[in-house]
There are 4 protein chains.
Amino acid sequence: MLATAVGRPRDAEIDAAVLRTTVDLLETTGYLQLTIAKIAARAGTTKPAIYRRWPTKAHLVHEAVFPAQDFEDLPEGRDLRADVRTLVALGVQLLARPAARAALPGLLAESAADGALAAEVLGQAAGGTFEWLQGRLDAGIAAGNVRPDVTTAAVFELVAGAAFVATATRPADAIDERWIDQMVDLIVRGIAP
Amino acid sequence: MLATAVGRPRDAEIDAAVLRTTVDLLETTGYLQLTIAKIAARAGTTKPAIYRRWPTKAHLVHEAVFPAQDFEDLPEGRDLRADVRTLVALGVQLLARPAARAALPGLLAESAADGALAAEVLGQAAGGTFEWLQGRLDAGIAAGNVRPDVTTAAVFELVAGAAFVATATRPADAIDERWIDQMVDLIVRGIAP
Amino acid sequence: MLATAVGRPRDAEIDAAVLRTTVDLLETTGYLQLTIAKIAARAGTTKPAIYRRWPTKAHLVHEAVFPAQDFEDLPEGRDLRADVRTLVALGVQLLARPAARAALPGLLAESAADGALAAEVLGQAAGGTFEWLQGRLDAGIAAGNVRPDVTTAAVFELVAGAAFVATATRPADAIDERWIDQMVDLIVRGIAP
Amino acid sequence: MLATAVGRPRDAEIDAAVLRTTVDLLETTGYLQLTIAKIAARAGTTKPAIYRRWPTKAHLVHEAVFPAQDFEDLPEGRDLRADVRTLVALGVQLLARPAARAALPGLLAESAADGALAAEVLGQAAGGTFEWLQGRLDAGIAAGNVRPDVTTAAVFELVAGAAFVATATRPADAIDERWIDQMVDLIVRGIAP
DNA sequence: TGATAAGCGAGACGGTACGTCCGGTCTTGAG
DNA sequence: CTCAAGACCGGACGTACCGTCTCGCTTATCA
């Protein structure tokens, strides 16, 4: 995505309009019914303009629904329960948005056949989060709040998985504070010595 | 799929060949690249023969990858740990097969836009399993091994979610007995009083 | 088409109803749009009952539109002009009926790929007619009204061809007595010494 | 078939390959067995590419077998016999080719149900030819070689019809110079005063 | 300042896959 | 062996849409 020096520069308006439209249409029509042509028409541009920016629908949707900055602002660690709560809340916040609910299964389906895409999608989610969780759990072990044989991957799978299944099976308003509290409770007790 | 008395009966060979081919192609090409035309060609039959049996690709894949009988043989309850282990193992056994890994995100993506399909897919998984789990947890509560405020749905989400995320992110051989033991440990401790 | 002695005898009503319906539908929908299924439905019977009697649509149409007896009643020869007129009138009578106009190109198209059918269709038309014409021309030669080098085939081609092209290109009511007279005039002069 | 300024231009190779393949397959399989799918496969292209160019099989066959330019080069009139011979030879030349023998009944059958197609098919044949014949006959009348009451349509029907029936019933090699001479003789005498 | 290069809207193209129609066959149960 | 009823198989249909390409124009940088 490096800007070449020569030639007409890309119109940043188009980037913004396309990303915005993609989210809108995702919520309306779902991932599979979403087409580049529809996005182009609704964003007031053309298919080639979109294909110039994103190689596939999956890349576009990924960028539109899970912008990179969403994964960057994890707070400093406090006590264990608060940290777990932060993680569960992050998972819910990321996955429960309508656009995310619509996009994720589609992205996963595409990832199944495209390793590079899978790496990109998962890499981003895991990226900072995984290390952050590892740090929190290590601190917990040191403080005696977490069993030493608990692996970061297992906790990550529990948290992410529960959030994913909940968003896939529950109505949106059934994933609330009480749901989060319940999950936090289960996780914190599960990893306790 | 009720047999009508009148008219030429269906060729059972075709049913079998199509289901077999569907699983094969899923593992090879993935859900999105899978097409009815390819299945028909490889199974030695034609598209109409397939459309006569299954209304959409999703229905066919569902039946091919998650046949109904897979969900029917949950054993009698024993002690709590064994029961949780049964559930986790069932989740892994169902989701870790290559065809299932390829099929599930696709089915979820289709379900997002087709409520009836969602009900079918989830209904089957939840069908017996949910009630069975509820019974086991109630028994656990009665025996004092489970906190009374633990909900079946939450446990179900943890187990199914962990299995799903693990199959989506780990290599197949990294989901072994040790992984299961670890999950069972986390869950059992999480729900204990 | 020999009736076998054993078993239930065929229902002659069905033969008649199908032939009648075939002519009706030919005039309405044309040869290519005509289907065995439509004929069966309208004749109040079923496809298998029709296929039991006629191997193809072409055979059925042939029998329905050009029954064998139509070609059998050529009158005794009189004078040459009258004989030519008989032939031209026969051609017009056979080809100008709506069902025949609709059927003939279709039958010819099928005949192009099916030699046996071609022999049947042409054989019937040529059958008695060709010999009859040959006799009349021979008599004309003997009487000095026809050049000896005129071949029967050429005259046959002129008469049949003119009738065919006229039915294919003219409206039905433009093929009248005056048209016949004109053609007879051209032919009689053409073959005269 | 007007070239639009905008959009990707058509691949002329495909036009040529499809027309060539259509003629080949017509000679091999006949009109009714000819399918767009087979043509596409054999021409190395696809059905939509064909449907973009020709709305129906009939239009494609028409253009492939009777290209427009075939009807454009009628020579200046000379004496009557030579002119009639020109017309008969043109008829034979157009209709006796294997592809034309296979195509014509099919085109006529389709024309029976599609007036617009009929106008196109007949219009092309009649187009220049009819006027040309009219001019020649008028000249013949003026020169005293043709009866004034001879109509152009009747002569046209005789010539076209004879050529058509001959190609439909005779083997290809039986329509030779001698056949043409015989027909010319019959026609010229038929229209003479 | 002019040449070069890339982006843009417009829109048709090539080709994959779709879901359907229907032609001809087969099965059942009764006559 | 026929009949009515009806489903089945498979060839072909005509269409939707994806991603690419071409055009004529615009907008920037580089020589």
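Below, chain A is the first sequence line, B the second, and so on; all start at residue 1.
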Along DNA chain E (nearest heavy atom to each residue), the more 5'-positioned of B/A37 and D/P9: D/P9
Using the rule given for side chain to side chain contact (heavy atoms under 4.5 Å, CB included), can you reason through B/T22 versus B/V18, listing the C-alpha separation, both sets of side-chain angles and the distance that settles it, and then say yes or no? CA-CA 6 Å; B/T22 300; B/V18 167; 4.0 Å; yes
Check whether any side-chain heavy atom of B/L117 lies under 4.5 Å from a side-chain heavy atom of B/H62, and answer yes or no. no
Identify, between A/L34 and C/T46, the residue whose nearest nucleotide on DNA chain F lies closer to the 5' end. C/T46
Nearest-Å distance for atom pair CG/P, residues C/L32 and F/dC13: 13 Å
Could you measure the distance from the CZ atom of A/R53 to the CD1 atom of A/I14? Nearest 0.5 Å is fine. 4.5 Å
So, the side chain of C/E63 versus the backbone of C/W54: is there a donor-acceptor pair under 3.5 Å, distance only? no
Whole angstrom is fine here: how far is it from CD1 in C/I39 over to C1' in E/dG24? 14 Å
Between E/dT20 (P) and B/R53 (CZ): distance, integer Å: 16 Å
Atom CD in C/E27, atom CG in C/L34: separation rounded to 0.5 Å? 11.5 Å
If I take atom CD in residue C/E13 and atom P in nucleotide F/dT2, what distance separates them, rounded to the nearest angstrom? 18 Å
Quick check on the helix from E/dT1-F/dA31 to E/dG31-F/dC1: what's the angle between its two end axes, five base pairs per end, to the nearest 10°? 30°
Got a donor-acceptor contact below 3.5 angstrom from the A/Q124 side chain to the A/F66 backbone? yes
Please report the distance, rounded to the nearest Å, between CH2 in B/W54 and P in E/dG19. 15 Å
Salt bridge (Lys or Arg N to Asp or Glu O under 4.0 Å) between A/R10 and A/D15: does it pass, once the steps are laid out? CA-CA 9 Å; A/R10 292 210 178 132; A/D15 290 75; 5.9 Å; no
Send over the distance from D/I50 CD1 to E/dT16 C1', rounded to a whole Å. 15 Å
Assuming nearest nucleotide by heavy-atom distance, tell me which of C/G44 and B/A49 is located more 5' along DNA chain F. C/G44
Distance from A/I50 atom CD1 to A/L19 atom CG, nearest 0.5 Å? 9.5 Å
Can you name the side-chain contact (heavy atoms from CB on, under 4.5 Å) partners of C/P48, sequence neighbours left out? C/T46, C/R52
To the nearest angstrom, the CD1-P distance between C/I14 and F/dA5 comes to 10 Å
Does C/T45 place a side-chain N or O at less than 4.0 Å from the phosphate oxygens OP1/OP2 of F/dA4? yes
Choosing from E/dG14, F/dC8, F/dC3, which nucleotide comes nearest the side chain of B/R52? F/dC8
Verify the contact: side-chain N or O of B/T35 to OP1 or OP2 of E/dT16, cut-off strictly under 4.0 Å; return yes or no. no
Nearest-Å distance for atom pair NZ/C1', residues C/K38 and E/dG23: 12 Å
Tabulated below should be each protein N or O lying under 3.5 Å from an N or O of nucleotides 19-21 of chain F; please produce it.
residue, atom, partner, partner atom, Å
F/dG19, OP2, A/Y51, OH, 2.2
F/dG19, O5', A/Y51, OH, 3.0
F/dG19, N7, A/K47, NZ, 2.8
F/dG19, O6, A/K47, NZ, 3.1

